[in-house]
Amino acid sequence: MSTGTYRDKERDKATQMRDAPRGETLLQASRQKDDGDKGGKDAGTAVITRTKVATKKPAMYRVLLLNDDYTPMEFVTHVLQKYFQKALEEATRIMLHVHQNGVGECGIYTFEVAETKVTQVMDFSRKHQQPLQCIMEKK
Ligand code: TYC
């Protein structure tokens, strides 16, 4: 059950989207055709149901690394390679961007993938006693 935090609500939404039926009824038209004086009970009754497949792009989230004065540069590039599938050159570029600007983007993902990455990086940093911070924000 949701405890009502922003994070819980976003997770509920993501789950609902995943489990929602794919079709959505847009029009249900029922037409009573005049059957003149023939007196037929249900003669000329038509039910037309048109169904449109409702496709909706999922909300996307940026995963960001924050700079600090303590975490070694090599640790950050390792994190970018291990959890964000970056090659060493790209990992180094992102790490230096964070080092110089205070914050930088590691990738853009759906809510549940972004949340998993943040948790993985935070757990890994804590395990290695580094203060590195990883956050997510809605695009
Ligand atoms: N500023 C850190 C240093 O000089 C390196 C660093 C880069 C730390 C990026 C965190 O997200 C970070 N050792």
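Each ligand, and each atom within it, is numbered from 1 in the order the structure gives.
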Whether Gln133 side chain and Pro131 backbone form a donor-acceptor pair below 3.5 Å: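 The answer is yes, because a donor-acceptor pair under 3.5 Å joins these two groups.
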Closest heavy-atom pair and its distance - Val103, Leu66: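 Shortest heavy-atom separation between Val103 and Leu66 comes out as CG2-CD2, 3.7 Å.
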Interfacing atoms of ligand 1 (cut-off 4.0 Å, heavy-atom, Leu66):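 Counting atoms of ligand 1 from 1, those under 4.0 Å from Leu66 are 10 (C), 11 (O), 12 (C).
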Minimum-distance protein heavy atom relative to atom 9 (C) of ligand 1: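 Scanning the protein heavy atoms, the shortest distance from atom 9 (C) of ligand 1 goes to Val98 CG1, 3.6 Å.
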Atom 2 (C) of ligand 1: the protein heavy-atom neighbour that sits closest, reported with distance to 0.1 Å: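 Checking every protein heavy atom, the shortest distance to atom 2 (C) of ligand 1 gives Asp68 O, 3.2 Å.
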Contact check: Asn67 vs ligand 1, nitrogen or oxygen atoms, below 3.5 angstrom: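 Such a contact does occur with ligand 1.
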Side chain, backbone, both or neither: Leu132 near ligand 1, heavy atoms under 4.0 Å: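 The answer is the side chain of Leu132.
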For atom 5 (C) of ligand 1, the protein heavy atom that lies nearest, with its residue and separation: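 Sorting protein heavy atoms by distance from atom 5 (C) of ligand 1 puts Thr71 O, 3.4 Å first.
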Polar contact flag for Tyr70 and ligand 1 (N/O pairs, less than 3.5 Å):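 No.
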Under 3.5 Å: donor-acceptor pair, side chain of Asp68, backbone of Tyr70: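 Side chain of Asp68 to backbone of Tyr70, a donor-acceptor pair under 3.5 Å: yes, one is there.
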Test of ring centre spacing under 6.0 Å for His78 and Tyr83: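 No, too far apart.
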Closest approach of any protein heavy atom to atom 4 (O) of ligand 1, naming residue and atom: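 Ranking protein heavy atoms by distance from atom 4 (O) of ligand 1, first comes His99 CE1, 3.1 Å.
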Flag, side chain of Thr77 to backbone of Glu74, donor-acceptor distance under 3.5 Å: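 Looks like yes, one N/O pair under 3.5 Å.
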Check: Phe111 ring centroid to Tyr61 ring centroid under 6.0 Å: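 Judged by ring-centre distance (under 6.0 Å), Phe111 and Tyr61 do meet the cut-off.
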